Amino acid sequence: MLELATFGGVAVLRDGVVIPWTLRGWQRAALLALLAGVGKRGIDRLALASTLWPESPEAAARHSLDELLSRTRRELGERELFVGSMQVALNAAVITADVQQFATDVAASRLEAAAQRYHGPFADGLRTADSATLETRITALRAQFAGDFRRVAETLASAAARRSEFSVAARWWERVVAADPESTTALRAYVEMLAASGDRGRALGVARARIKRDALEGRDADVTLTQWVERLTASGARVMPVGTTPTPTVDSRREGVLARALGAEIRVGRLRGEGSLEATWQGTAVATGAQVELHLIQPRVAAGIDPACFLEVMGRAMQVSHPGVLPTLDARATHDALVTVTAVRPDDTLKQRLRTGVGPIAEVLDVGLQLAHALDALHAAQLVHGLLRPRLVALAHNAPLVCSVGLGQVLMGRRGIEDRSTVVSIGKPRYQGPEQLAGTVPLGAWSDVYALGAILYEWLGGAPAFPETADGALRKMAEPPPSLRATRRTVPVALDNLVCACMAPHAADRPAHMREVVQGLSSIG
């Protein structure tokens with residue numbers, strides 16, 4: 001029996017293990033995600049074809065769909081994978097979908113079972129910019145399942161609070177906040193349950209973090225959260241660092257896996273963060289007492305990674321010693337875990353800095369040059385980041401620190417994009433070059449050059465070079481970004497030219513090495 005996982009990414013599994021290669025190409029992932037989302041009612045064949053190939057004539061789109069259905073059946077070894085002639089649907093006797101099991105659990109009031117199935121947004125990271133119709137469909141399904149999960153988690157949280165199990169209630173509200181970061185109501189409830197459970201320091205840290213974020217984004221502070229800060233401060237609560245983000249629910253089973261992989265040398269602490277690619281814990285080196293971070297590759301992702309490749313790439317990452325690169329201290333591979341140990345990263349990130357709007361030119365130049373130096377050091381060690389985006393650049397004052405080194409290269413495999421397992425959609429399309437999105441050129445220095453250019457462009461201009469729409473994606477594939485000086489005349493001509501060159505649609509037209517970017521930024525006064 002095959003399993004189709006669509007929460008937190010898209011993957012096909014057999015006996016709990018991801019089947020490599022089966023999701024290559026965004027149309028295939030979109031096809032399976034859409035069919036999983038609608039369930040047994042299926043989708044009209046013509047509508048499905050026009051959604052996946054919006055620019056093609058009707059006959060050509062139908063032919064492309066028939067080819068895709070046939071190829072997917074063949075590669076999965078299931079001739080009866082799809083059912084229906086006019087309406088195409090997944091054959092429930094051959095393949096199960098997590099979203100449908102989730103819906104069944106919700107309908108049967110098996111709320112904890114439903115919550116355990118929800119690992120993140122529906123079809124997270126799926127490329128949709130090629131089709132406005134696909135984007136609309138996926139967005140609607142994503143909102144539907146996210147709303148269902150929120151109602152489930154809120155019900156479980158309320159039930160736990162009525163039983164005076166405030167720590168349990170806090171963990172459920174924590175998951176609601178992670179699923180809906182903009183909800184002030186959920187954050188209030190999370191802070192209240194943290195305080196009721198006795199974790200007042202964390203309650204204060206979370207409340208202050210939201211107030212700080214609202215201030216940076218020009219919004220008035222929430223009155224209830226302000227009152228909580230005053231109350232908790234008066235009670236003598238231990239203050240957590242401002243900027244601390246909610247910590248996902250503790251998972252004792254994964255902590256056990258992590259502890260076994262690390263042995264007695266490192267003590268596992270609090271779960272710090274959760275993403276579609278990895279979960280991060282605080283840790284302590286037993287021999288020295290030094291604080292570290294522990295990164296466990298998510299099981300569905302790890303299943304498609306060659307452990308030897310993982311250790312080889314992380315071994316190179318451990319050799320990198322540069323002030324702009326977060327140190328990788330250790331890497332472990334066991335039968336059930338792939339783990340990296342790094343230094344502790346600062347809470348502040350470049351993503352938070354970009355939220356404040358257009359950056360001062362001198363500051364952008366300074367941070368950009370430091371980033372270019374750090375990436376050049378990675379390339380010298382035969383490493384490519386491949387996942388570079390503002391969230392993965394930590395900031396200590398104005399000193400950037402590149403994080404998650406080696407992860408993109410491990411996910412891409414030894415030879416780059418042509419050798420990758422598409423366990424999940426990875427990376428942030430806004431910062432990926434056209435060739436990385438299309439999978440037409442192996443991962444290389446040119447990938448990081450584009451990402452750095454996209455970051456600098458957004459910071460200097462206050463917005464991405466191209467809108468994240470179908471039209472924007474087509475423009476990104478075919479043309480250089482618009483001149484920054486068209487909207488901000490104070491940007492030096494040399495800086496404008498360099499940033500736009502980094503974002504050239506063809507990899508061969510960009511600076512060939514990060515060293516050229518370093519030299520270009522250094523020469524701009």
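The figures that follow rest on heavy atoms only: side chains count, while hydrogens, waters and symmetry mates do not. Predicted model only: the values in this text are computed from it and were never measured.
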Roughly how far, to the nearest 0.5 Å, is the [atom2] atom of [Y] from the [atom1] atom of [X]?
X    : Y    : atom1 : atom2 : result
H295 : L407 : NE2   : CG    : 9.5 Å
L141 : T136 : CG    : OG1   : 11.0 Å
M318 : D330 : CE    : CG    : 5.0 Å
L296 : L338 : CG    : CG    : 8.0 Å
L258 : R254 : CG    : CZ    : 9.5 Å
Y190 : R210 : OH    : CZ    : 12.0 Å

Are any non-hydrogen side-chain atoms of [X] and [Y] less than 4.5 angstrom apart?
X    : Y    : value
R475 : P467 : yes
L65  : L31  : yes
R175 : R171 : no
Y457 : C502 : no
Q27  : S64  : no
R353 : D348 : yes
L34  : I138 : yes
R28  : L68  : yes

Contact summary for [X] and [Y], nearest pair of heavy atoms:
X    : Y    : answer
P481 : A465 : CB-CB, 3.7 Å
V10  : A29  : CG1-O, 4.0 Å
L4   : A11  : CD1-O, 3.4 Å
L294 : G283 : CD1-CA, 4.0 Å
L311 : A331 : CD2-O, 4.0 Å
V405 : A317 : CG1-CB, 4.0 Å

Verify, without hydrogens or angle tests, whether [X] (side chain) and [Y] (backbone) share a donor-acceptor contact under 3.5 angstrom.
X    : Y    : answer
S447 : G444 : yes
K476 : Q432 : yes
R272 : R270 : no
N91  : V83  : no
R332 : L262 : yes
R345 : A394 : no
R14  : L2   : no
D509 : A504 : no

Exercise for review: List the steps and the verdict of side chain to side chain contact (heavy atoms under 4.5 Å, CB included) for T133 and R137.
Suggested key: CA-CA 6 Å; T133 304; R137 286 176 177 263; 3.9 Å; yes
Exercise for review: Test side chain to side chain contact (heavy atoms under 4.5 Å, CB included) on F310 and T340 and set out the steps.
Suggested key: CA-CA 10 Å; F310 172 79; T340 57; 3.6 Å; yes
Exercise for review: Enumerate the residue pairs fulfilling ring-ring contact (aromatic ring centres under 6.0 Å, His included) with a member in residues 69-118, sequence neighbours excluded, ordered by first and then second residue.
Suggested key: F7-F102, F7-Y118, Y118-F149
Does [atom1] in [X] sit with more than 12 non-hydrogen atoms of other residues, nucleotides or ligands closer than 6.0 Å?
X    : atom1 : result
H513 : NE2   : no
M1   : CE    : yes
R71  : CZ    : yes

Check your understanding: Of the options T349, L371, L354, L326, which is the one that meets V393 in a side-chain contact (heavy atoms from CB on, under 4.5 Å)?
Key -> L371
Practice item. Sort out for me which residue in H385, R316, Q382 forms a side-chain contact (heavy atoms from CB on, under 4.5 Å) with Q409. Key: R316
Practice item. For side chain to side chain contact (heavy atoms under 4.5 Å, CB included), just list the numbers for M514 and L452, CA-CA rounded to whole Å, side-chain angles, deciding distance to a tenth of an Å, and then say yes or no. Key: CA-CA 10 Å; M514 191 60 70; L452 178 59; 3.8 Å; yes
Point to revise | Distance-only polar pair, side chains of R110 and Q116, donor-acceptor under 3.5 Å | key: no
Review point. If you measure only the distance, is there a donor-acceptor pair under 3.5 Å linking the side chains of R150 and S183?
Key: yes
Practice item. For the pair D66 and R45, find out whether any cationic side-chain nitrogen is under 4.0 Å from an anionic carboxylate oxygen. Key: yes
Check your understanding: With a 4.0 Å cut-off, would you call R510 and D448 a salt bridge?
Key -> no
Practice item. Might you work through the side chain to side chain contact (heavy atoms under 4.5 Å, CB included) test for W173 and E154, ending with a clear yes or no? Key: CA-CA 7 Å; W173 280 115; E154 288 179 353; 3.5 Å; yes
Practice item. Take Q100 and R117, measure what side-chain hydrogen bond (donor to acceptor under 3.5 Å, both in side chains) needs, and give me the verdict at the end. Key: CA-CA 10 Å; Q100 295 306 315; R117 295 188 191 279; over 6 Å; no
Review point. With D44, which residues qualify under salt bridge (charged side-chain N to carboxylate O under 4.0 Å, His left out), at least two apart?
Key: none
